[in-house]
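To keep things clear, I will list the structure first and then write my remarks on it.
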Number of protein chains: 4
Amino acid sequence: MTAPDAADLKRDQILAAASRVIAERGYHATNIADIARELGAGHGTFYRYFKNKHDIAVQAVDRAMRRIAEALADEPPEVATSLDEYRAQVTRIAHRLFDLVIAEPVVARLFFFEAAAINRERAERFHAALDDLGSFTAAYIRNGQRRGFLRAEVDPEVIGLALNGVILAGAARMLRVSDPAAERDRWVDSVLTLMFHGLAS
Amino acid sequence: MTAPDAADLKRDQILAAASRVIAERGYHATNIADIARELGAGHGTFYRYFKNKHDIAVQAVDRAMRRIAEALADEPPEVATSLDEYRAQVTRIAHRLFDLVIAEPVVARLFFFEAAAINRERAERFHAALDDLGSFTAAYIRNGQRRGFLRAEVDPEVIGLALNGVILAGAARMLRVSDPAAERDRWVDSVLTLMFHGLAS
Amino acid sequence: MTAPDAADLKRDQILAAASRVIAERGYHATNIADIARELGAGHGTFYRYFKNKHDIAVQAVDRAMRRIAEALADEPPEVATSLDEYRAQVTRIAHRLFDLVIAEPVVARLFFFEAAAINRERAERFHAALDDLGSFTAAYIRNGQRRGFLRAEVDPEVIGLALNGVILAGAARMLRVSDPAAERDRWVDSVLTLMFHGLAS
Amino acid sequence: MTAPDAADLKRDQILAAASRVIAERGYHATNIADIARELGAGHGTFYRYFKNKHDIAVQAVDRAMRRIAEALADEPPEVATSLDEYRAQVTRIAHRLFDLVIAEPVVARLFFFEAAAINRERAERFHAALDDLGSFTAAYIRNGQRRGFLRAEVDPEVIGLALNGVILAGAARMLRVSDPAAERDRWVDSVLTLMFHGLAS
DNA sequence: AATGAATGAGGATTCATTCAT
DNA sequence: GATGAATGAATCCTCATTCAT
C-alpha cells in the first residue's frame with residue numbers, strides 16, 4: 001500500500017479542475033486556458049501530467065463512468081428471491097444513482113453530456129457502455145423471471161435498455177431542478193409504481 | 001401560395017448535404033470542406049444561403065426536431081376515452097416514431113446526437129424540447145387519470161419524462177441494430193406490457 | 001505537355017520565397033511568419049500548397065540538390081580519351097558549378113548549408129548524396145586509369161571524395177567573396193595544376 | 001597554478017555529457033532534458049554552470065575547435081627545408097587529425113557538423129575558422145615556394161583552402177566507415193600522391 | 001449566381017528557463 | 001549545492017469566412 005505522493009495529488013487536482021470546466025462549458029468550448037485559469041496554474045503544467053487536451057477529457061470522462069458504474073454495480077443481479085427484495089434492491093440502486101448525481105453534478109454531467117461529445121470513437125464507447133448497462137439490468141429481469149416473480153413474457157434485453165432510458169431521464173432531471181432531493185423521491189415513487197404495476201388502473 | 005423557386009431548392013439541397021455529413025461525422029468533426037465535397041459545390045455557395053457553419057447546423061437540427069415532433073404530435077392527448085383506445089394511440093405513436101427513425105436515420109441522428117452537441121445554448125434548447133415532450137406525454141397521462149383508466153397515484157410529469165427516456169432509448173437502439181423492423185416490434189410489445197401492466201407477475 | 005497553371009506558379013513563388021528566407025536565416029531560425037512576410041501573403045496560404053514547414057524546407061533543399069546535380073551530371077565519365085580532353089571536361093564542370101553558385105547563391109546555400117541542417121534524416125541523405133557524387137567523380141578517375149592517362153596507383157574512391165572536398169571548399173568560397181568571378185578563375189587555375197601535376201616543383 | 005576543484009570537474013562532466021548528446025542528436029534536436037538524462041542530474045544543475053542551452057553548445061563546439069586546432073597547429077609552417085621534410089610533416093599532420101577523429105568522434109562531429117548549426121553567428125565564426133586554417137596551410141605552401149621545392153605558379157591561398165576541403169572530406173569519411181584505421185591509410189597514400197605529383201601519369 | 005484561393009484569428013503544444021525547497 | 005516542478009513565451013497549424021473573378 002503506497003501513500004499517494006505529491007504528483008498524484010497534483011494530477012487529481014488538475015483532473016478535478018478540468019472536469020469542472022468541461023462539465024460546465026462542454027469539451028469543444030473548453031480550451032486549455034480555461035482549465036489553467038480554473039486551477040490557477042500555467043498551461044505547461046497540464047502537459048506535465050496529461051498528454052493533451054483529448055487525454056485530459058478522456059480521463060475525466062472515464063473516471064465519471066467508473067463512478068456511475070460503481071453506484072450501480074454494487075448489487076448482484078441474482079440475490080433477490082422475491083418481488084419485495086427486488087423492489088428494495090431497485091430502490092437502493094435508484095437512490096444511490098440519484099444521490100450521486102445530486103452530490104456530484106460534475107460527474108453526472110461528464111457522464112451524461114460529455115462522454116459522447118469528445119469524438120466518434122468515444123461516442124461509440126459510451127453507447128457500448130449503455131448497452132452493457134442494459135445487459136446488466138436485463139440480468140435482474142431474468143433473475144426475477146427465473147424465480148417467478150417477474151412476468152415471463154417481456155424481453156429482458158428490451159426492458160433492460162428501456163429502464164436505462166428511464167434512469168437517464170431521471171438523472172438528467174436531477175441536474176436541472178432546484179430541489180433535487182424532492183424530485184428524487186417523486187421519481188422513485190412514480191417509477192416504481194410504473195415498473196411493477198403499470199399504469200392501468 | 002408561392003411556388004418554390006430555384007433558390008429554395010438549392011437551399012434544401014445544401015441543408016440535406018450538411019445534414020448527412022453532420023449526422024455521419026458529428027458537428028465538431030464536420031468542416032465546410034466536407035459539406036462542399038458532399039454537395040459538389042464551392043465553399044462560397046453555403047455563404048449565399050446560410051450565415052455560417054453554426055447557422056447550417058442549427059437549421060439542420062431544427063428541421064430534424066420538427067420532423068420528430070410531427071411524428072409525435074399528430075395525436076391529441078384528450079381523445080382516448082378508454083384504456084384500449086389509449087393503448088392503440090400509444091402503439092400508433094411508437095410505430096410512427098420508430099418508422100421515422102428507421103426510414104430517416106439522418107434525421108434521428110441529428111435529433112438524438114447532434115441537437116445537444118453544437119453548443120451550450122443549443123443543448124439547453126434541446127433539453128427544453130425534451131421537457132416540452134414530457135409535458136405533452138404527461139397530458140395523455142392526465143387524460144387517462146381524469147377518465148379513470150390510468151392510476152391516479154402516479155405523477156404525470158414524472159411519468160411523462162420517464163416515458164420520454166424509454167422512447168429515446170428505443171430510438172437510439174433502432175439506429176444501432178441491423179434489423180430495426182424486428183427490433184421495433186420486440187420493443188413495442190415489451191414496452192406496452194411494462195407500461196400498462198408492470199413487470200410483477 | 002501541359003501548360004503550368006496558376007497553382008503551379010503560386011507554388012513556385014512560395015518555394016522561391018521560402019528558399020530565400022531559409023538560405024538567409026537558416027532552417028531553424030526561419031518561421032512561417034518570416035516566409036509569409038517575404039512573399040507578402042498570409043500564413044494559411046503556405047498550408048494550401050505545402051504540408052508544413054518541414055515539407056517546404058525539404059522541397060526547397062531537394063530542388064537545390066537537383067540543380068547542383070544537373071550542373072555536374074551533364075558530362076558522361078567515359079567520354080574523355082586523353083588527358084587534354086579530361087582537363088577540358090573538368091574545366092567545364094568547374095565553371096558550370098561555380099557559375100551556378102555565383103548566379104544563384106540561394107540554391108548554393110540551401111545545398112551546402114541547409115541540406116544537412118533540417119534534421120538527422122536529411123543530414124544522412126545529404127551525406128549519401130555526397131557519397132554518390134564521390135562515386136561519380138571516381139568513375140572519371142577510373143576512365144582515365146583504364147585509358148592510361150591517369151596514375152594507376154591512386155584509389156579512385158578516395159580521389160573522388162577528396163575532389164568533392166575541393167569543390168565544396170571552392171563553392172563555399174564563391175559564396176563569401178566580393179568578386180566571385182575573379183575568385184573562380186584563380187581557383188580553376190591553381191586547382192587544375194594541383195590536380196594534374198601536383199605541388200612538387 | 002590552482003588545483004582543479006570539484007566545481008571544475010562537475011563543469012567538465014556536464015560539458016562532456018552535453019557534447020555527447022549534441023554530437024549524437026544535433027543541436028536543435030537536443031533539449032535540456034536529454035542532457036539531464038545523459039548526465040543523471042536535474043535541469044537546474046546546468047544553469048549553475050552554464051548560462052543557457054546556447055552557452056553549453058558554444059562551449060562544447062569551441063572546445064572541439066580547440067582540439068582540432070591543436071592537432072593541426074603543432075607543426076610550424078617554416079621548418080620544412082625540403083620536399084621530403086614537408087611530405088613527412090604533412091603525413092604527421094594528417095595522421096594526427098585522422099587519429100583524433102577516430103579516437104574522439106564526438107569532438108569531430110561537433111566540429112564538422114554542429115559548429116555551423118547553432119545559428120548564423122556561429123556559422124560565420126566556423127567559416128572564419130576554416131579561412132584561418134586555410135591561411136595557415138597557405139603558409140606551408142609559401143614556405144615551400146620560397147625554398148623552391150613547391151611550384152611557384154599556384155596561388156597559396158587557393159591551395160590552402162582546397163587542401164582544407166580535402167581534409168574535411170577525409171575526416172567526414174572517417175566518421176562514416178566501419179574500419180577507419182584502414183580508411184585513414186588509404187586516404188593518406190592517395191592524397192599524398194595527388195598533392196605532390198598530381199593525377200597525370 | 002457560383003467559385004475556391006486567400007486569409008488570419010484562434011488554439012494546441014513545446015521546451016528553455018526559473019526558483020522554492 | 002542540487003533539484004525538478006512550474007511556467008508562459010513562442011510557434012506551428014487549422015479552418016471558418018471573405019471576396020475578387
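Naming convention: chains lettered A, B, ... in sequence-line order (proteins, then strands); numbering from 1 in each chain.
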Tell me whether the OP1 or OP2 atom of [N] has a side-chain N or O from [X] closer than 4.0 Å.
| X | N | result |
| --- | --- | --- |
| B:R48 | E:dA2 | no |
| C:T45 | E:dT7 | yes |
| D:Y47 | E:dT18 | no |
| A:K10 | F:dA6 | yes |

key: Check: A:E38 side chain, A:A17 main-chain N or O, donor-acceptor pair, under 3.5 Å   =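 It does not hold such a pair.
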query = Within the side chain of C:H127, is there an N or O that forms a donor-acceptor pair under 3.5 Å with the backbone of D:A172?
reply =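 Side chain of C:H127 to backbone of D:A172, a donor-acceptor pair under 3.5 Å: no, none is there.
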key: Watson-Crick/G-U partner (both atom distances under 3.5 Å) of F:dC19   =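 Here F:dC19 is engaged in a pair, and the nucleotide opposite it is E:dG4.
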key: Any-strand Watson-Crick or G-U partner of F:dT11, both distances under 3.5 Å   =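 Across all strands, the one nucleotide that pairs with F:dT11 is E:dA12.
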Base, sugar-phosphate or nothing for [X]? Non-hydrogen atoms, less than 4.0 Å.
| X | result |
| --- | --- |
| B:Y49 | sugar-phosphate |
| A:F50 | nothing |
| D:I32 | base |

ask   = Want to settle it: does C:N31 or A:A41 sit nearer the 5' end of DNA chain F, counting the closest nucleotide to each?
value =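 Nearest-nucleotide comparison on DNA chain F picks A:A41.
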task = Please tell me which of B:G44 and A:G44 maps to the more 5' nucleotide of DNA chain F, matching each residue to the nucleotide holding its nearest heavy atom.
result =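 First, find each residue's nearest nucleotide; the 5'-ward one identifies A:G44.
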For the pair made of [atom1] in [X] and [atom2] in [N], what is the distance, rounded to whole Å?
| X | N | atom1 | atom2 | answer |
| --- | --- | --- | --- | --- |
| B:D55 | F:dA16 | CG | P | 14 Å |
| C:I35 | F:dC13 | CD1 | C1' | 13 Å |
| D:R37 | E:dC15 | CZ | P | 12 Å |
| A:L39 | F:dG8 | CG | P | 12 Å |
| D:I118 | E:dA16 | CD1 | C1' | 15 Å |
| C:I14 | E:dA5 | CD1 | P | 12 Å |
| B:K53 | F:dT18 | NZ | P | 15 Å |
| B:R11 | E:dA2 | CZ | P | 13 Å |

key: Distance under 6.0 Å and angle within 45° of ring axis: B:R11 vs B:F50   =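 Yes; both conditions hold, so B:R11 lies above the ring face of B:F50.
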query = Honestly, is A:K53 close enough over A:F46, meaning NZ or CZ under 6.0 Å from the six-membered ring centre and within 45° of the axis?
reply =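 No - A:K53 does not lie over the ring of A:F46 by the 6.0 Å and 45° rule.
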query = Salt bridge between D:R120 and D:E124, side-chain N to carboxylate O under 4.0 Å?
reply =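 Salt bridge between D:R120 and D:E124, a charged N being under 4.0 Å from a carboxylate O: no.
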ask   = Ion pair present between C:D34 and C:R20, side-chain N to carboxylate O less than 4.0 angstrom?
value =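 Between C:R20 and C:D34 there is no salt bridge, as every charged N stays at least 4.0 Å from the carboxylate O atoms.
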ask   = Hey, which of these two, C:F46 or A:K51, hits DNA chain E nearer its 5' end, going by closest nucleotide?
value =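 Nearest-nucleotide comparison on DNA chain E picks C:F46.
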query = Nearest to the side chain of C:H43 - F:dC13, E:dG4, E:dT17?
reply =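 The answer is F:dC13, which lies nearest to the side chain.
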